[in-house]
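On a predicted model such as this, the values are computed, not experimentally measured, just so you know. First listed ligand is number 1; within each ligand, the first listed atom is number 1.
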Amino acid sequence: MCLSRSECNERMTGKPITIVGGGLAGLTLGIGLRQRGVPVTVWEAGHYPRHRVCGEFISGRGQETLSRLGLRELFERAGAVNARTAAFFSATRSTPPRSLPAPAICLSRFTLDQLFANEFQKLGGELCAGQRWPAGGVHASTGSDRPKPELQPEGVVRATGRHLRPTENGWRWFGLKVHARNVPLTADLEMHVSPRGYVGLCRVNGGAVNICGLFRRRAGMSGSPQNWREWLRGQAGSPLNQRLAAAEFEENSFCAVAGISLRPQHAAARDACCVGDAITMIPPVTGNGMSMAFESAELAIEPLAAWSRGGISWTEASRTAAQRCDAAFARRLMWAKWLQRMMLTPSLQNVLIRLVSHSEWFWRTAFEWTR
Ligand SMILES: Cc1cc2nc3c(=O)[nH]c(=O)nc-3n(C[C@H](O)[C@H](O)[C@H](O)COP(=O)(O)OP(=O)(O)OC[C@H]3O[C@@H](n4cnc5c(N)ncnc54)[C@H](O)[C@@H]3O)c2cc1C
């Protein structure tokens, strides 16, 4: 049962839950637990507001989670932009704008994470920003001499985001993002593919266009990608390069991440209770990572609240949350892996663009199966 905001503030019953990581998964879980009167503390290593590497394009079932948790109206008040069309581009081919089978929501992470942090605190949640939870948590005894580093004590949930992996199958993955003005778009979402990665462009609140790319380079290649403008602008003469010809970048919104791992993982295989990217990361082309953060948090609320009330053990609560997430995400993770593989294979990029252009069935199926 969900409580009103004032009832949440008054009610603090049951065993407390600590959430490590105040990104979207951690804050959504914190909000859902506070709505049920559970005492919650969120530890967040960073501060709010902050820019994040993200396409800022929310697509999928997580939108229903937002409605159920009463968070949808926050987006509207913050000026979120609805995206209804998408177009795909390679260096030589493009699709016409296609209608998205379901609209997406575009809101900058600078605004979004701050909104969620405020909401969590309004509901009586304790937010420890600028506080890093010790790596590996508390080392519990595992019956052997060596403690299991991932094991967390009862009542602690990991919402720490993606797992760092310097290389995957011989590639180093990294992400870049910046906001810009003066970027004309032909669709609400433009996705530009190239052999070294893909870049998504969409309009967000405040009239800026978010430019976000996922790139890869061979491990062992000398030098580091210093010039982010060059990576984001794409090859000379490409549609992306033309689109960004007169772009005015908002330099203070630039951010980068490296060591991204896109190999699908099972929640049930984790030693700790996890939500969001701490379980696994879906290829960003789907625009579904934030949705999975919201969904995984929602799937964990009820078993964790039951643990807090003393109804079930921590092991049972963690296992139930993990099984629910694995059941919800297995299919989309598999299809997203194949879609991303196609997008990054030069000989298949134009095939993909032709299929999206000419086959309504392909477009709808690819959309539905990756969400
Ligand atoms: C290039 C790129 C583009 C993307 N584009 C999209 C998109 O368009 N649409 C979409 O839906 N998704 C997109 N995503 C994915 C999306 O950003 C993530 O899925 C989402 O942010 C996951 O939320 P999270 O809360 O699990 O993790 P995060 O948002 O990463 O939050 C984890 C938090 O944990 C904190 N933390 C970590 N360790 C500790 C510690 N020890 N103590 C305290 N705090 C800690 C971190 O500071 C961080 O704030 C993209 C990702 C990339 C890389």
Side-chain angles (χ1 to χ4, degrees), residues 18-30 41-63 66 83 86 104-109 112-114 116-117 127-137 149-150 152 156-164 173-178 189 191 197-202 204 210-216 231-232 255-262 267 272 274-297 300 325 329 332-333 336 340 370-371:
T18 301
I19 300 170
V20 184
L24 295 178
L27 290 169
T28 306
L29 177 60
T41 304
V42 170
W43 286 53
E44 168 51 45
H47 294 274
Y48 307 92
R50 71 275 173 91
H51 286 285
R52 314 280 318 206
V53 174
C54 186
E56 303 184 338
F57 179 89
I58 301 171
S59 173
R61 293 158 202 242
Q63 292 186 24
L66 296 173
I105 316 171
C106 304
L107 185 64
S108 83
R109 293 291 299 268
L112 179 53
D113 290 40
Q114 173 80 74
F116 274 42
L127 181 58
C128 305
Q131 308 263 3
R132 178 169 287 279
W133 183 262
E150 213 189 342
Q152 304 280 358
V156 178
V157 181
R158 274 185 60 150
T160 44
R162 71 207 150 77
H163 293 255
L164 284 176
W173 295 88
F174 60 98
L176 305 172
K177 109 86 186 269
V178 71
L189 170 70
M191 189 60 80
Y198 48 83
V199 175
L201 310 178
C202 69
V204 290
N210 183 41
I211 305 165
C212 182
L214 177 77
F215 302 102
R216 61 179 190 177
W231 281 85
L232 285 174
C255 42
V257 288
I260 296 169
S261 167
L262 294 165
C274 295
V275 288
D277 280 3
I279 301 175
T280 191
M281 199 179 152
I282 192 165
V285 60
T286 57
N288 193 247
M290 288 185 276
S291 179
M292 281 176 56
F294 304 141
E295 290 173 70
S296 60
C325 288
F329 303 146
R332 74 181 87 163
L333 285 166
Q340 163 142 307
T370 52
R371 279 159 185 83

Ring pair (Phe, Tyr, Trp, His ring centres under 6.0 Å) involving F215 - partner list, sequence neighbours excluded: F174, W231

Proximal atoms of ligand 1 relative to [X] (non-hydrogen, under 4.0 Å):
| X | answer |
| --- | --- |
| L24 | 25 (O) |
| G213 | 1 (C) |
| G276 | 26 (O) |
| M281 | 51 (C), 52 (C), 53 (C) |
| A159 | 32 (C), 33 (C), 34 (O) |
| R50 | 49 (O) |
| I260 | 53 (C) |
| W43 | 43 (C), 44 (N) |

Side chain of [X], backbone of [Y]: donor and acceptor closer than 3.5 Å?
| X | Y | result |
| --- | --- | --- |
| D277 | G289 | no |
| Q63 | I58 | yes |
| S291 | G62 | yes |
| N210 | G55 | yes |
| E44 | A129 | no |
| Y198 | L214 | no |
| N288 | S59 | yes |
| K177 | R52 | yes |
| S296 | G276 | yes |

Quick one, R61 with R332, criterion side-chain contact (heavy atoms from CB on, under 4.5 Å). Give me CA distance, side-chain angles, the key distance, then yes/no. CA-CA 12 Å; R61 293 158 202 242; R332 74 181 87 163; 3.8 Å; yes

What residue and heavy atom of the protein are closest to [atom], and at what distance?
| atom | result |
| --- | --- |
| atom 26 (O) of ligand 1 | D277 N, 2.8 Å |
| atom 41 (N) of ligand 1 | W133 O, 3.1 Å |
| atom 34 (O) of ligand 1 | G21 CA, 3.2 Å |
| atom 44 (N) of ligand 1 | A45 N, 3.0 Å |
| atom 11 (O) of ligand 1 | M290 N, 2.7 Å |
| atom 31 (O) of ligand 1 | G23 CA, 3.4 Å |
| atom 50 (C) of ligand 1 | P284 CB, 3.9 Å |
| atom 6 (C) of ligand 1 | G55 N, 3.4 Å |

Heavy-atom check, side chain of I19 versus side chain of W43, under 4.5 Å: no

Quick check: do I279 and R158 have side-chain heavy atoms less than 4.5 Å from each other? no

Candidate with minimal heavy-atom separation from [atom], of [options]:
| atom | options | result |
| --- | --- | --- |
| atom 17 (O) of ligand 1 | R52, R109, E44 | R109 |
| atom 37 (C) of ligand 1 | I105, D113, T160 | T160 |
| atom 15 (C) of ligand 1 | G289, A297, A278 | G289 |

Salt bridge (charged side-chain N to carboxylate O under 4.0 Å, His left out) for E295 and R371? Distances and angles first, verdict last. CA-CA 11 Å; E295 290 173 70; R371 279 159 185 83; over 6 Å; no

Does [X], backbone or side chain, put an N or O under 3.5 Å from an N or O of ligand 1?
| X | result |
| --- | --- |
| G175 | no |
| G26 | no |
| V20 | no |
| C54 | no |

Working to the nearest 0.5 angstrom, can you tell me the gap between I282 CD1 and L262 CG?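 It comes to 10.0 Å.
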
Heavy-atom pairs closer than 4.0 Å: do any link ligand 1 to the side chain of A25, the backbone, both, or neither?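 Both backbone and side chain.
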
Quick one: does ligand 1 sit under 4.0 Å from the side chain of H47, the backbone, both or neither, non-hydrogen atoms only? neither

In this structure, does ligand 1 have an atom that sits under 4.0 Å from one of the heavy atoms of Q131? yes

